[in-house]
Peer 1: 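The structure under discussion is supplied below as structure tokens; questions concerning it will follow.
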Amino acid sequence: MTEVQALALNVSHPQLHLALEFRRDPTLAEYLSGPNAEAVAAVSAMARGEGEPYLFLFGIRGTGKTHLSQAACLTTAQRGRQAHFVPLGMTGLEPSVFDDLERLDLVAVDDAQCVAGDLVWESALFDLFNRLREQGRRLIVAANAAPDILPIKLPDLASRLLWGPRYCLMPLSDRDSEQLLIESAHRRGMRLGSDLVRYIMNYHARDPASLLDLIARLDSLSLREQRQPTIPLVRRAMRETS
Amino acid sequence: MSAKAVSVWEQCINQLKGELTSAEYNTWILPLQARVDGSLLRLLAPNRFVLNWAQEHYEERLLELCARCSHGLVLQIRFEVGAFDRETGGEGTRGGGSIEAVPGPDLAERRASANLNADFNFDTFVEGKSNQLARAASIQIARNPGTAYNPLFIYGGVGLGKTHLMHAVGNIILASNPNARVVYLHSERFVAEMIKALQHNRIDEFKKTYRSLNALLIDDVQFFAGKERSQEEFFHTFNALFDSRQQIVLSSDRFPKEVAGLEERLRSRFGWGLTVAIEPPDLETSVAILHCKASQLGVELPEDVAFFVGRRIRSNIRELEGALRRLIANAQFTGKPITLEFAKHALRDVLAAQDKQVSIENIQKTVAEYYKLRTSELLSAKRSRSLARPRQIAMTLAKELTKHSLPEIGNAFGGRDHTTVLHANRKIKSLRESDAVVEEDYKNLLRILTS
């Protein structure tokens with residue numbers, strides 16, 4: 001959605017405004033690769049239907065595992081192929097969410113640590129892995145720890161999770177994070193001066209997810225109030241975030 | 001998908017996108033496929049769970065949006081499980097039916113129907129001491145299905161090549177007989193297909209399909225454990241195939257008699273033919289496997305790199321392949337040649353996890369648990385046989401799996417001298433050759449520590 005459309009909607013549906021502006025598609029281009037360029041290249045290849053049949057992404061919170069997994073699914077869909085993103089941390093999921101997914105071109109399973117140690121889920125993931133592999137489909141698994149560190153009980157699943165390249169996503173340096181702030185604001189038509197960047201970096205959580213979240217809220221406020229971001233506006237956006 | 005459907009659906013989901021988090025959108029809306037039939041929007045979900053969720057949470061909103069985006073033309077939504085064929089726009093079937101092995105001239109098609117992977121063949125299976133019997137038996141039955149050994153039961157730890165051998169057998173049978181009907185599947189799939197057949201009242205068809213095969217290859221039969229109805233059905237399938245001299249190949253992570261939760265009549269049948277073990281590969285075999293896999297990926301691997309990776313990753317072949325793929329991806333990405341230094345750097349994530357896992361303390365704890373001892377006993381000065389043997393095994397494992405010096409290892413074992421470590425190492429080496437129990441214990445511990 002363009003800013004103009006958002007603005008138009010804002011006029012007629014002010015109550016929808018925040019939600020509408022907050023949502024943005026995670027894209028591969030938007031992911032500031034920094035130290036993770038190789039992982040991004042590998043995920044992009046999979047989204048194009050090339051490269052590895054399977055890979056494992058891991059890293060601490062805020063390193064972009066979810067962003068990359070979702071972006072891979074969206075890119076696959078944009079190319080007219082089918083993909084499914086399955087965040088295992090979501091409440092209410094059951095193992096039958098994996099049924100028949102071997103018909104899709106790409107499946108991205110996020111937060112795999114949430115089911116480690118649960119034999120029913122582990123068996124379901126193991127079965128999904130086998131079916132996708134047999135059908136030549138692609139799979140991305142992401143978790144907060146390396147596959148051999150996760151407390152997986154089923155040895156059959158553990159060995160399969162090791163069966164491909166694994167990428168440890170590294171946190172961005174402060175310099176890369178500043179770059180992320182500037183680029184993300186620019187994409188939304190906002191200018192972020194160095195004083196604002198410094199302010200955010202000093203007072204706000206610096207992981208990419210939190211920074212992007214803040215920029216989205218800042219954008220929303222800036223649109224609503226029809227003015228470029230200032231430190232007071234940033235402060236308000238931070239209060240909304242918290 | 002018709003242009004009209006694309007347009008209405010795309011407008012609709014573009015609106016909905018703004019109201020959902022990206023996780024919600026990508027999980028429940030992205031996998032749906034849409035088609036407009038008159039005033040009806042048909043939405044196909046990949047499975048029942050996604051269907052129920054999407055229907056429960058989004059149907060009302062989608063209906064509103066559809067009516068608006070289509071200017072009142074689309075007034076109904078129907079959720080179904082299924083998929084539209086991408087090329088033709090026709091509808092695909094879902095569930096079951098994919099195992100029909102149709103005889104015909106197209107080997108690739110028959111292979112796909114049989115769930116066989118062409119890359120898993122005997123040429124790409126690296127022979128070593130750890131798997132030579134299993135390989136030889138597999139070649140035998142591939143050449144003489146139904147007559148050589150029936151069933152062939154292959155057992156061993158995860159990631160050691162059981163599945164590879166099964167596919168290789170299936171591929172040969174399929175290629176040498178244009179009418180052969182072969183199916184490879186995992187025992188979990190057998191169970192799932194059977195349940196689906198029962199649900200859709202197609203159990204007779206299911207029975208007929210499986211009982212009329214020329215070769216049935218079932219992987220990981222330990223997953224039949226506790227599933228009585230599936231065991232019953234598999235028992236009859238087994239008998240039908242066995243009686244008509246059709247080939248059965250089974251695999252498991254353990255010896256047939258040790259598979260818990262299986263009916264005795266199945267367990268005993270599993271042992272009727274030939275039972276062969278696959279052991280973890282020795283270093284030389286690991287290195288040969290790495291060379292073979294690298295050459296399949298179009299890369300020549302220097303000898304020192306292959307030894308480095310093979311020495312560091314001892315648990316299973318899947319992990320070896322995972323590390324190799326990571327190494328090659330890294331080399332291609334950076335445009336650098338694969339040297340020993342490069343490999344050490346590129347695999348630091350992989351190796352860091354390994355290092356973390358195999359510490360002297362971890363070895364002591366694991367060995368003590370294995371022999372039901374306390375770690376303090378293992379480190380004590382007592383020299384009774386029941387303590388000395390586990391202690392010697394633990395020292396040998398510490399020498400094998402860690403980079404600590406021998407004095408350091410001796411020190412970690414209650415302040416012993418490095419010559420004690422050397423002695424332990426020699427003693428265990430000779431016992432592994434003469435005493436099957438020691439050999440078994442050592443291998444089990446090695447597997448526990450490195451997988």
Side-chain angles (χ1 to χ4, degrees), chain A residues 1 9 16 19-26 37-38 41-42 51-52 56 58 66 70 73-74 77 80-87 90 92-94 96-101 103-104 108 110 123 126-127 130-131 133-134 136 146-149 155-156 158-160 162-168, chain B residues 14 17-27 30-31 33 46-50 53 81 83 86 92 94-95 112 115-117 157-159 184-186 188-189 192 219-220 222-223 253 315-319 321-323 325-330 333-334 348-350 352-354 356-357 451:
Chain A
M1 182 183 307
L9 274 163
L16 287 179
L20 278 170
E21 250 322 277
F22 182 63
R23 256 294 279 125
R24 273 183 75 88
D25 286 341
E38 191 191 338
E52 294 291 336
F56 191 99
F58 66 103
T66 302
Q70 289 191 13
C73 289
L74 280 163
R81 303 173 80 80
Q82 273 200 285
H84 192 188
F85 172 72
V86 190
M90 189 179 263
L93 291 192
E94 286 172 19
S96 57
V97 71
F98 291 149
D99 286 357
D100 292 321
L101 296 189
R103 300 215 172 198
L104 309 187
D110 197 14
S123 300
F126 166 64
D127 186 31
N130 293 333
R131 284 182 280 129
R133 194 140 189 127
E134 276 164 22
D148 48 353
I149 297 297
D156 309 79
S159 86
R160 274 161 182 81
L162 295 169
W163 199 1
R166 61 174 99 163
Y167 291 96
C168 178
Chain B
N14 272 336
K17 229 181 216 185
E19 301 168 22
L20 306 179
T21 66
S22 57
E24 285 165 340
Y25 177 80
N26 290 317
T27 309
L30 193 71
Q33 287 182 295
N47 60 41
R48 176 73 39 197
F49 191 87
V50 173
W53 190 293
V81 172
R86 254 196 298 270
R94 195 165 276 289
N115 304 322
L116 290 172
N117 182 337
V158 293
Y184 161 87
L185 86 169
H186 196 269
E188 293 255 298
R189 290 319 297 157
D219 216 345
D220 285 326
Q222 72 271 18
F223 285 93
D253 62 348
S315 62
N316 68 62
I317 297 162
R318 287 201 187 96
E319 188 172 11
E321 186 177 341
R325 282 177 174 269
R326 176 74 168 84
L327 189 61
I328 292 173
N330 195 239
F333 183 73
T334 56
R348 62 185 187 278
D349 301 341
V350 178
Q354 291 269 321
K356 200 169 172 180
Q357 241 181 352
S451 61

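All values below were derived from every heavy atom in this structure, side-chain atoms included, with hydrogens, water molecules and symmetry-related copies excluded. All chains are named by letter (A, B, ...) in the order of the sequence lines, taking the proteins before the strands, and each is independently numbered beginning at 1. Quick caveat, the model's predicted, so the values are computed rather than measured.
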Peer 1: As an exercise: rank B:Glu321, B:Gln222, B:Arg189, B:Arg48 by heavy-atom pairs under 4.5 Å with chain A and give me the winner.
Peer 2: B:Arg189

Peer 1: Supply the atom-to-atom distance A:Tyr167 OH to B:Asn330 CG, rounded to the nearest 0.5 angstrom.
Peer 2: 7.0 Å

Peer 1: Under 4.5 Å from any heavy atom of chain B, what part of A:Arg160 do you find: side chain, backbone, both or neither?
Peer 2: both

Peer 1: Find the distance between CG (B:Asn26) and CG (A:Leu74) and round it off to the nearest 0.5 Å.
Peer 2: 4.0 Å

Peer 1: Might you point out which heavy atoms bring A:Ala41 and B:Phe333 nearest each other, and give the distance in Å?
Peer 2: CB-CE1, 3.5 Å

Peer 1: Can you name the nearest heavy-atom pair linking A:Pro165 to B:Arg325, along with the distance?
Peer 2: CD-CB, 3.9 Å

Peer 1: Which heavy atom of A:Asp100 sits nearest a heavy atom of B:Pro46, and at what distance?
Peer 2: CB-O, 3.5 Å

Peer 1: Determine the minimum heavy-atom distance between B:Ser22 and A:Gln70, stating which atoms define it.
Peer 2: OG-OE1, 2.9 Å

Peer 1: Give, for atom CZ of A:Arg166 and atom CD of B:Glu319, the distance between the pair rounded to the nearest 0.5 Å.
Peer 2: 5.5 Å

Peer 1: I need the minimum non-hydrogen distance between A:Gln82 and B:Ala83, along with the two atoms involved.
Peer 2: OE1-CB, 4.5 Å

Peer 1: Can you name the nearest heavy-atom pair linking A:Ser159 to B:Asn316, along with the distance?
Peer 2: CB-ND2, 3.6 Å

Peer 1: Using the six-membered ring wherever Trp is involved, compare the ring planes of A:Phe126 and B:Phe223 and label them parallel, tilted or perpendicular (cut-offs 30° and 60°).
Peer 2: parallel

Peer 1: Hey, what do you get for CD (B:Glu24) to CE (A:Met90), rounding to the nearest 0.5 Å?
Peer 2: 5.5 Å

Peer 1: Would you mind telling me which of A:Phe98, A:Trp163, A:Phe85 has the largest number of heavy-atom pairs within less than 4.5 Å of chain B?
Peer 2: A:Trp163

Peer 1: At a 4.5 Å cut-off on heavy atoms, which part of B:Asp220 comes close to chain A: side chain, backbone, both, or neither?
Peer 2: side chain

Peer 1: At a 4.5 Å cut-off on heavy atoms, which part of A:Ala37 comes close to chain B: side chain, backbone, both, or neither?
Peer 2: both

Peer 1: Between CD of B:Glu188 and CG of A:Asp156, what distance do you get to the nearest 0.5 Å?
Peer 2: 9.0 Å

Peer 1: Could you look at A:Thr66 and say if it's the side chain, the backbone, both or neither that has a heavy atom under 4.5 Å from chain B?
Peer 2: neither

Peer 1: Distance from A:Glu134 atom CD to B:Asp219 atom CG, nearest 0.5 Å?
Peer 2: 8.5 Å

Peer 1: Is there side-chain contact between A:Ser96 and B:Asn47, with heavy atoms separated by less than 4.5 Å?
Peer 2: no

